[in-house]
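To start, the structure itself, in structure tokens.
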Amino acid sequence: MVSPPSFEDVGPYYAWGDIARFKRCHSRGFPAVVNLNNSLHESQRLGPLVEFLTSEKGVEKLLLRGNSLRDQDISMLMDCLTREAVSVRHLDLSDNALLEGGVAALLHMIENREPGKCDEPRKAALSELNLSGNRIGAKGVAILAGSVRSKSQQLKILDLSRCGLRKASAKPILELLVGTRTLEELFLGWNSFGFKGARTIAKGMEVNMSVKKLDLQWAGISDKGASTIAHMLEINRSLRVLDISGNGVGSETCTVLKDMLIQHGVLDELALRNSPLGSYGACLLLQGVKIGTRCCNYVDLRGCSFLGIHDPPSSRTFHLKQPNGGYQLDLSSLADKSVASQLFALRKTHGPTSWQEVSLDGEYLDDKALDKWSLPSHGKLVLKFVSTRRPSPEDRPLQENELENCWMRPTTDESHSDADHPPTDMWKLELLRVLCSDFFFKSSQAKQVLQRFGGASEKVQAAIMVLSKIQRLGYFGQCLNLTMRNFQTKRSECRTRISIFSRLVDPEMFHVVIEDLHLACRDEIYSGLGILSLFHPENPTGRYKLILGHQAHYMIASRLLTFFRSQFDSRLCDLPNITCVPHFNLNGKQAFIEDPHSVSLPRYGELEVDFCDLRPIPSTAKVMGKHHFEVLLSHLKNDEAIDHVKLMGDMEDDSVSTAMRVVSTLAQTDTKRPKRSQIQNLEYVLKSLKTVVIRNYFKCWQIREILLLIPTRFQAERIEIATSFWGRAVDRRKNWSFMVLQTLKPPEQIKVCQILGYLNTFDYQHPELSYQIRMNRPDEHKVAYRLFKMTQSAEHTCVKNMRIDGKPYRVTESSGLWAAMRGYAPEGVIPTATLEFDFIWPDSEKIHWAVCLVQAAYHAMVARKTFQRNAKKGQ
């Protein structure tokens, strides 16, 4: 039994099977749309419809879907529709029983002329025709292709979905695309064209300049066929919307799409629903969307799979940031040829030696042949790409429109047409895993990412993926106050925020992320962060022990190497004496790096490195004010478990600093000043100072005051605090040794100077420190020689408690002291001795040594001018 059509299908102005009643309603001024979908189940009802269409002149849209109409029914209907009085522009004949005969009956309407009057166009022309669900076959498409060549036709939208088209129908479609000048939207989905059919359609699209939307979803064209459709974008400039969903699109098509989007980006929308993209293919696609010259407004990835099981073998995959490896490429494949083109371009920048063991179809190619070589269109190319040059780890975060396209739209439930089947959290996790493999986020963007997840466990996993590695640490917005209180346990919250720290940016603002947690949870978070909490690009100075197999540790090592190269290129390092990397130990092998550009980091192993930031203090740097510093000291001294979230808020609150100003004024009038108290609980002091030091600059006397609050039994903490403040001390050249180093105990002085480099911290006016000098190091060797020269001009004993290679040595400060300090190594031989001693330098000698320095500088100037004068006379 046939049931009446639904309300949504027929609209509010139709009564079941009653055309006469519909005519009465239409005469009352209803819209010019005749919706008879699923209504005319008997051909006898066409009579009243023809009568109605003949009498009504305002009908522009006729919907006859699902009425089982046959070719003879269409012939009778066309006799009415081709009359001059009828102005139907939109005709929907989908899901009927039409064959090629019915298509032939539509010719007069498509060609915009009345029967028997070829030279007289009708006033109204058909602009939209829907024939989906009719088995018209290749013959029917051929008839349509012939009709669109008419100069008078105005067809703009043609739907041939589910018409039983196969590869034999591709040639008529090619003719249709070549012949039309008005067609703007073409729907060919749910057919079976195959690879050859897709290649033929692509040829037609290369010459067509009118079609703006091409729908080939579920067209059976396969990944290889879809790649040919994507490749036609290199020539076609009119297409704006492309739908190749459900065709098994994988890495091959994504490789071509990436190149097309980057070099010839013209698409506004790209649909790839229900495709096994794989992690490699999805990453390539999103790179094209991000880098493309004209970014897609929407990429539909609903139902796609991003699992690695769909990825091609490693010999056919290419990563721009990690190009080294072996390749076996079939140049007849568009994807493999794209990889070969990128490798060939890299050969020009990395040098000819980067291509090794190159053969084409088994024939060896040498460097001379490759210099004049161009990629052929076919053949099997085998090569090994080897380069010591590594791309910079710097990368910018996603722009707002890129985040919208790559994440927000694909994961928005409201934007999906299939609202009953919105994307699940597990699917979002797969997509996020792809994004995290190559892209970076701002803090506000990370918040938006995590808000897309509904479940607690999925949100935790999402945060872990978003923040599982450090690469770009730049700017972290104030808006990262994540509302995750719907988590099942506090431990879940801690795990999430630990992950957030490592992937996002600006750790100094991490307190915003954890401000809604209890102190116990914060402690667990910082314990879990480990090495990640010690690094920030604004203040990278410190000692690091890194496991290069761990992604986060590897990225820290890469950033440190990048900083070293930058400061080396800026001539801040006067190698081998002054370096920002005093200590470099890779897999137990100590090395002194003379040229950081010659260093490449392995992906596995252990690295111990000391880094000293030599960048000058900016001229615009503002030192922390006295009263803000009083707020800091007040928290450090009085809080049993210091809350650095509250600390940062109080330091930025002017009312609190004003209150401290009043308190400090009253304290100055008190004759009995209290003894300086010391911090007994360092549980959160280090975390708080790490946060404070990033956002403020200090003077050395302020650093000394902080160190005096730390008990001497906390030796490691005092060393870490001192090194952390090095890069933020505005007067370190003048007062570091006197006010900071001399506040530390002898073992602490030695450790701090070794981390920062003895030559970086050496002060002629205040050399009185404990030293442990390794004479095989050029910088420490030079410091030892300076100290020796100072002993020769002093009037008192300078060196005490001397030990050479761990053995006590009786010092006689004569000219033979230098030979003893070198371990009696012959001249020209690098000494291996290790010296330990205390250097004494009273204030009375400082004036004398300053005079000696001035005299030495004067004599050097005189000698230089004499040499220049003699050189001119010799000429």
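- The closest donor-acceptor contact from the side chain of Asn760 to the backbone of Thr579 lies under 3.5 Å.
- Across all non-hydrogen atoms, the minimal contact from Lys751 to Ile719 is CB-CD1, 3.6 Å.
- Using modelled atom types, no side-chain atom of Glu538 and backbone atom of Ile694 make a donor-acceptor pair closer than 3.5 Å.
- When every heavy atom of Ala833 is checked against every heavy atom of Ile804, the shortest pair comes out as CB-CG2, 4.2 Å.
- To the nearest 0.5 Å, the span separating CZ on Arg718 from CD on Gln749 amounts to 10.0 Å.
- A distance of 9.5 Å separates NZ of Lys699 from CE of Met739, quoted to the nearest 0.5 Å.
- The heavy-atom pair separating Trp841 from Tyr764 by the smallest distance is NE1-O, 4.3 Å.
- Residues Asp731 and Trp701 form no side-chain contact, since every pair of their non-hydrogen atoms from C-beta on lies 4.5 Å or further apart.
- Both the sub-6.0 Å distance and the 45° axial angle are satisfied by Arg615 relative to the ring of Phe563.
- Side-chain atoms of Asp613 and Gln567 form a donor-acceptor pair, as typed in the model, at a separation below 3.5 Å.
- Relative ring orientation between Tyr771 and Phe762 is described as tilted, the plane-to-plane angle lying within the 30° to 60° band.
- Nearest heavy-atom pair, Ile830 versus Asn776, reported as atom, atom and distance to 0.1 Å: CG2-CA, 3.9 Å.
- In this structure, Arg803 and Pro808 approach most closely via the heavy-atom pair NH1-CG, 3.6 Å.
- Here the straight-line distance linking atom CZ of Arg728 with atom CG of Asn539 works out to 6.0 Å at 0.5 Å rounding.
- Between Leu614 and Ser570 there is no side-chain heavy-atom pair separated by less than 4.5 Å.
- Counting only residues at least two apart or on different chains, the side chain to side chain donor-acceptor pair (under 3.5 Å) pairs with a member in residues 824-834 are Tyr809-Tyr824.
- Results of the ring pair (Phe, Tyr, Trp, His ring centres under 6.0 Å) test with Phe788 over Phe839, Trp818, Phe837 single out Trp818 as the only residue that passes.
- Two residues are said to be in side-chain contact when any heavy atoms from C-beta on lie closer than 4.5 Å; Phe592 and Arg777 meet this criterion.
- No side-chain heavy atom of His583 sits less than 4.5 Å from a side-chain heavy atom of Ile755.
- Side-chain contact between Ile706 and Phe725: present, with at least one pair of heavy atoms (C-beta onward) separated by less than 4.5 Å.
- Remark: the backbone N or O of Val581 is not paired with any side-chain donor or acceptor of Asp610 at under 3.5 angstrom.
- Atom CD of Gln356 is surrounded by more than 12 heavy atoms from other residues, nucleotides or ligands within 6.0 Å.
- Residues Arg704 and Asn735 are not in side-chain contact: their nearest non-hydrogen atoms beyond the backbone lie 4.5 Å or more apart.
- Between His597 and Asp569, the shortest heavy-atom distance links the atoms NE2-OD1, 2.8 Å.
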